[in-house]
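Notes for the one structure printed next.
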Amino acid sequence: MVEFVESGMKPLTRSFIDMIHMYYNLSLHDKVESTFMRCMEKCRPNQTVYSLYLDSLVLTDKLDRAEEIFNQMHADEAIGVDAKSCNTILSGYLASANYAKAEKIYDFMREKKYETESPLKEKVEYILSLKHKQVETSLSTKLSKEQREILIGLLLGGLRVELDEKKKKSCAVNFVFRENLKIHSFLKRHIYNQFHEWLASKLMDNDDENIPYQFTTVSHTYFKFFADQFCPQGQPVIPKLIHRWLTPRVLAYWYMYGGYRTSSGDILLKLRFGNEDVLRITKSLKANSLNCRVKKKGTVFWVGFLGSDAAEFWKLTEPFILADLKEFLEAGIESSNGSSKTSNVNLSSDDDSPPN
């Protein structure tokens with residue numbers, strides 16, 4: 001493994017996963033830990049790497065360290081937690097009789113609609129029954145404030161809500177990410193986790209490589225509101241109430257999904273809407289002290305934040321940008337292969353790719 005790492009051959013992460021699997025199956029948990037730490041040094045561990053290490057920690061009763069790793073996963077949007085990792089930490093809490101934390105994790109799993117393993121569920125519900133706490137068998141289906149803002153940002157960036165032809169009052173969200181965009185490869189994992197409980201189909205193994213670049217929510221009346229606002233009668237429009245919805249998180253997800261940082265460090269946001277819609281949203285941006293310029297390339301408008309305006313936009317949205325994407329999106333950072341200004345980019349082609 002040392003020779004492979006030093007050779008510079010790829011992919012490193014998959015090789016580390018195989019090594020950790022082997023050590024775990026051989027019950028060499030000290031080797032699991034050392035390999036995990038080496039993976040941290042040499043490449044970016046994914047959710048699978050973290051989950052294997054978490055399994056090892058719980059199995060060897062290192063619950064404090066396991067809790068630390070679980071919290072790291074949850075805090076890192078590019079990694080995240082899934083049903084498997086939640087069941088693992090839940091089993092650790094139950095085995096150590098830490099019922100307060102077990103209850104908290106169980107509530108989180110129900111909120112996210114993660115399936116709890118039967119033996120664990122029976123034990124948790126028995127504990128809750130002793131406390132005379134009623135366990136709800138289902139949760140009310142409602143988007144959180146964070147999910148609503150994320151969805152609005154993605155809709156501004158080009159996402160569409162589709163009407164269910166069989167259920168006229170229901171709609172589904174079809175999340176589509178571009179395989180040729182490195183930013184989208186990180187973003188899809190985060191969005192998959194954020195909307196996990198709404199997805200029409202869920203993966204048994206949420207390995208980064210297994211998450212598709214396109215996935216769809218269930219059809220639900222709640223999404224009809226967004227369809228009516230952003231695509232009434234099948235035509236994309238900017239809602240008249242958009243000035244109330246342009247929060248920093250909305251702008252951040254618009255940027256991550258449909259935005260672009262130029263070689264000179266300026267910021268461009270894509271808009272595939274009509275002239276009046278573009279005017280409406282630029283007016284709303286300027287009302288929020290965000291100065292911008294607009295240029296059209298083919299059928300797509302690009303809203304540009306140049307120089308100090310890009311810095312102001314970044315300052316506002318940076319807290320909501322995924323950690324793994326900040327190096328690609330931070331304003332004012334010039335790329336090493338060019339210094340062309342946004343005002344000089346070629347906007348004559350008819351495709352919707354970002355200006356060069």
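Just so we're clear, the structure is a prediction, and the values are computed from it rather than from any experiment. Heads up: numbering here begins at 1 and tracks the sequence.
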I want to check a possible cation-pi pair here: R249 against Y253, using under 6.0 Å from ring centre and within 45° of the ring axis as the test.
no
Return the set of residues passing side chain to side chain donor-acceptor pair (under 3.5 Å) with D309 (not counting sequence neighbours), or none when no residue passes.
none
What closest approach, in Å, do F305 and L285 show between heavy atoms, and which atom pair accounts for it?
CZ-CD1, 4.0 Å
4.5 Å side-chain heavy-atom contact, I127 and E103:
no
Check whether any side-chain heavy atom of F301 lies under 4.5 Å from a side-chain heavy atom of T282, and answer yes or no.
no
Table please: side-chain donor-acceptor pairs of residues 237-247 below 3.5 Å, with sequence neighbours left out.
unit_1	atom_1	unit_2	atom_2	d
H243	ND1	K240	O	3.3
T247	OG1	E149	OE1	3.4
T247	OG1	V250	N	3.2

Could I get the full list of side chain to side chain donor-acceptor pair (under 3.5 Å) partners for H184, not counting sequence neighbours?
none
Can you list every ring pair (Phe, Tyr, Trp, His ring centres under 6.0 Å) pair that touches residues 266-285, not counting sequence neighbours?
none
Side chain to side chain contact (heavy atoms under 4.5 Å, CB included) filter on V58, not counting sequence neighbours, yields A66, T88, S91
F36: which residues meet the ring-ring contact (aromatic ring centres under 6.0 Å, His included) condition with it, sequence neighbours left out?
Y50, Y53
Any pair counted as salt bridge (charged side-chain N to carboxylate O under 4.0 Å, His left out), so long as it reaches residues 275-284, sequence neighbours left out:
D277-R280
When Y257, Y192, Y213, F186 are each screened for ring-ring contact (aromatic ring centres under 6.0 Å, His included) with F177, the one that passes is Y257
Take K104 and D107 through the salt bridge (charged side-chain N to carboxylate O under 4.0 Å, His left out) test and state the conclusion after the steps.
CA-CA 5 Å; K104 185 176 180 180; D107 286 343; over 6 Å; no
For D228, side chain to side chain donor-acceptor pair (under 3.5 Å) partners two or more places apart:
K224
For S264 and D266, does a side-chain donor sit closer than 3.5 Å to a side-chain acceptor?
yes
Minimal heavy-atom distance between V49 and C39, with the atoms involved, is CG1-SG, 4.1 Å
Smallest heavy-atom separation, L63 atom then S96 atom, equals CD2-OG, 3.1 Å
Please enumerate all residues that pass salt bridge (Lys or Arg N to Asp or Glu O under 4.0 Å) together with K326, with sequence neighbours excluded.
E318
Ring-ring centroid check F215 F195, cutoff 6.0 Å
no
With E117 via side chain to side chain donor-acceptor pair (under 3.5 Å) - residues at least two apart:
none
Does F175 have K188 sitting over its ring (NZ/CZ under 6.0 Å from centre, angle to axis within 45°)?
no
All pairs passing salt bridge (charged side-chain N to carboxylate O under 4.0 Å, His left out) where residues 65-81 contributes a residue, at least two apart
R44-D76, R65-E68, E67-K101
Quick note, side-chain hydrogen bond (donor to acceptor under 3.5 Å, both in side chains) partners involving residues 18-28, not counting sequence neighbours, are none
